[in-house]
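The model shown is predicted, which means the values in this text are computed figures rather than measured ones. All residue numbers in this chain count up from 1 along the given sequence.
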Amino acid sequence: MSQLRIIVGAGALGGLRWAREHLYVLLVLTPLMLGMTYFGVGRLLSDAEWSLGPAQASALAVLAAAGLVVSGMSRAAAEVYHTRRPESVFDTLAVGPDVLLAAALARRGARGAGFAAAALVGRGLAGGGPFGAEAAAALLLFVPVVTLGEVFAALNWVHGGRSRGRGWAALGVAGVFGAALVGGALLLTIVRPQALAPGARAAALWGGALLTGALAWLAFALHRRWRAGDIEHAKRLRARDRWGRAAAAVARRAGGGAVVESLLARDLRLTLRGFSSAVYACAGLSALWVLTLVAVLETVRLPGAPPGVAAGSWAGATWLPSVLVVKGACVLACVSLACLVPALVAHQLPHLWLERAAGAHAAEVARAKLFYARVLTLPAALLAWAAGSLAGASPLSYVAPLLGECLWLWWLVGTLAGGLAYEMPEQPGLSTVLVACVCLAAGGFTAFLWPMGLALYAFGLPQLLLRGQHRAHLHLSGREV
């Protein structure tokens, strides 16, 4: 226990030092971004008087819990195996594997407290009623369920990659599914308890307690058994050769010079090999938007052309509700993938000396991230257009113009995400919120009225790209950004 207390205390001291150095981010920038999100998206939904039904709320809660587990899986693996972390010194000392895993769980639990705070805010916005014993129990169980789900999935992810065993991968998927299902029920009990019957809420509490105990027992047992063999594999994950060849081929076609091509090839190679679990989360969310588009077009009876607009003309087709739905799904799918840009920048922070040693200029580094964002989001736009066209969302004469609109939305979203890549490199969470808000606002406005995007591109984006180069210069020089 003394070893665990020392390790956890050292981590807490490091967190306090970080907080003291980033008071502006914590006290000014974070409330500003959260306020923009609430008064933008939250008030828009409130004014529209749109509310989720019980089935929709349950599905959204499960997806939210699954997103938390999957997106935190790679960070959990880094904290458990001390990948590129100062805690790697403990691997050379007489510290038991149970103590190391307990310290990693404590760090994950501290991060999970932020999710609990967000759930409480969501309860207030959703009108969950007074906070009672049931909600308190659900809140206390939600954090360990998500935390243990992340760690359990990370253990099976690393071990499955080393042993090439499908059974361990299936066990990890089962753990993610169980944590998502139970965590979603607990989250719904916290945020909107009226969406669940009393018996379902009680079952969620019992399920959370049982799953917490089962995952804790399995995680400690498997970590004790696998750590010695898996730790080197966790620190030496390599890209497959075919991913390297594919990334290099795409980078050559993108152009931009030898330095930009090499940087872009490296970024694409990291993404294709899954540098973070955020890759799977963003790709899954993007695919989910496309599947939702198909479901809406096939099951919902959308209205026809607005009054005063000729449905047979090209100008009328762009205003068809079904076409607007396709363009909206295109924006959402592209933004989901664009959120990987801040995660990649944060992942590359420990290796920034490579760019400095190679003599890369800020303009080249910024251009590489710009091309990366565009290449990354292109499949989402093409997939959304193909799904909408096959589902009959637009007249046959407007299929090609719809492709042009989707490509225009892709270009705009990718350019914005690439220009904002180095806005907050050390704060990937806040940078993700910034990229998502800016891209959603610009993309949504352009999807509704595409000529206005031309004005935005002509008058706003050149300044943004210049600012992106300046931020990249500060980032490379090691100055405070």
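- How far CG of Leu270 is from CG of Leu340: 11.5 Å, rounded to the nearest 0.5 Å.
- Residue Arg75 places its CZ atom among 12 or fewer non-hydrogen atoms of other residues, nucleotides or ligands, all under 6.0 Å distant.
- Cation-pi contact between Arg374 and Trp411: present, with separation from the ring centre below 6.0 Å and deviation from the ring axis of at most 45°.
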Trace of the side chain to side chain contact (heavy atoms under 4.5 Å, CB included) decision for Met73 with Val151: CA-CA 7 Å; Met73 187 171 62; Val151 172; over 6 Å; no
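- Taking the six-membered ring for Trp and thresholds of 30 and 60 degrees, Trp226 and His159 have nearly parallel ring planes, at less than 30 degrees apart.
- The two atoms that bring Ala333 and Val290 nearest to each other are CB-CG2, 4.4 Å, heavy atoms only.
- Within the model, atoms CD of Glu405 and CG of Leu324 stand 8.5 Å from one another, a figure rounded to the nearest 0.5 Å.
- Proximity of Trp385 to Cys330: side-chain heavy atoms (C-beta onward) are nowhere separated by under 4.5 Å.
- Each of Val438, Val335, Leu440 was scored for a side-chain contact (heavy atoms from CB on, under 4.5 Å) with Val413, with one residue passing: Val335.
- Of the possible donor and acceptor atoms, one in the side chain of Glu364 sits under 3.5 Å from a partner among the backbone N and O of His361.
- Leu139 and Ile190 make their closest contact through CA-CD1, 3.5 Å (heavy atoms, listed as atom of the first residue, atom of the second, distance).
- For the residue pair Cys282 and Cys339, the shortest heavy atom distance occurs at SG-CB, 4.3 Å.
- Here the closest heavy-atom approach between residue Ala104 and residue Val80 is recorded as CB-CG2, 3.9 Å.
- Phe371 has its side chain out of reach of Leu263: every pair of non-hydrogen atoms, C-beta onward, lies at least 4.5 Å apart.
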Residue pair Thr446, Trp408: steps toward the side-chain hydrogen bond (donor to acceptor under 3.5 Å, both in side chains) verdict: CA-CA 9 Å; Thr446 305; Trp408 171 229; 5.2 Å; no
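- Atom CG of Leu68 is separated from atom CD of Glu150 by 7.0 Å, given to the nearest 0.5 angstrom.
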Stepwise side chain to side chain contact (heavy atoms under 4.5 Å, CB included) check, Lys327 with Leu402: CA-CA 8 Å; Lys327 292 187 287 186; Leu402 179 60; 4.1 Å; yes
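- For the residue pair Tyr422 / Ser431, no side-chain donor-acceptor distance below 3.5 Å is found, with atom types taken as modelled.
- Looking at Arg467 and Glu423, a side-chain N of the basic residue comes within less than 4.0 Å of a carboxylate O on the acidic one, giving a salt bridge.
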Stepwise side chain to side chain contact (heavy atoms under 4.5 Å, CB included) check, Leu466 with His470: CA-CA 6 Å; Leu466 288 177; His470 176 66; over 6 Å; no
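- In this structure, Gln348 and Arg266 have side chains that are in contact, with non-hydrogen atoms separated by less than 4.5 Å.
- For the atom pair Trp410 CH2 and Thr415 OG1, the distance stands at 8.0 Å (nearest 0.5 Å).
- Between Arg111 and Glu79, at least one side-chain nitrogen of the basic residue sits less than 4.0 Å from a carboxylate oxygen of the acidic one, meeting the salt-bridge criterion.
- Leu293 CG to Leu383 CG: the interatomic distance, rounded to the nearest 0.5 Å, is 9.0 Å.
- Here the straight-line distance linking atom CD1 of Ile231 with atom OH of Tyr81 works out to 8.0 Å at 0.5 Å rounding.
- In plain terms, the two heavy atoms of Val435 and Ala417 that are nearest each other are CG1-CB, 4.0 Å.
- Using a 4.5 Å heavy-atom threshold, the side chains of Arg367 and Leu264 count as separate.
- Taking a 6.0 Å sphere around CZ of Phe220, one finds it holds more than 12 heavy atoms contributed by other residues, nucleotides or ligands.
- Proximity of Leu407 to Leu382: side-chain heavy atoms (C-beta onward) are separated by under 4.5 Å at one or more points.
- A heavy-atom distance below 4.5 Å is found between the side chains of Leu63 and Leu288.
- Residues Val341 and Ala421 share a closest heavy-atom pair of CG1-CB, 3.6 Å.
- Of the possible donor and acceptor atoms, none in the side chain of His223 sits under 3.5 Å from a partner among the backbone N and O of Leu101.
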Verdict with reasoning, Trp289 to Val331, per side chain to side chain contact (heavy atoms under 4.5 Å, CB included): CA-CA 10 Å; Trp289 287 122; Val331 171; over 6 Å; no
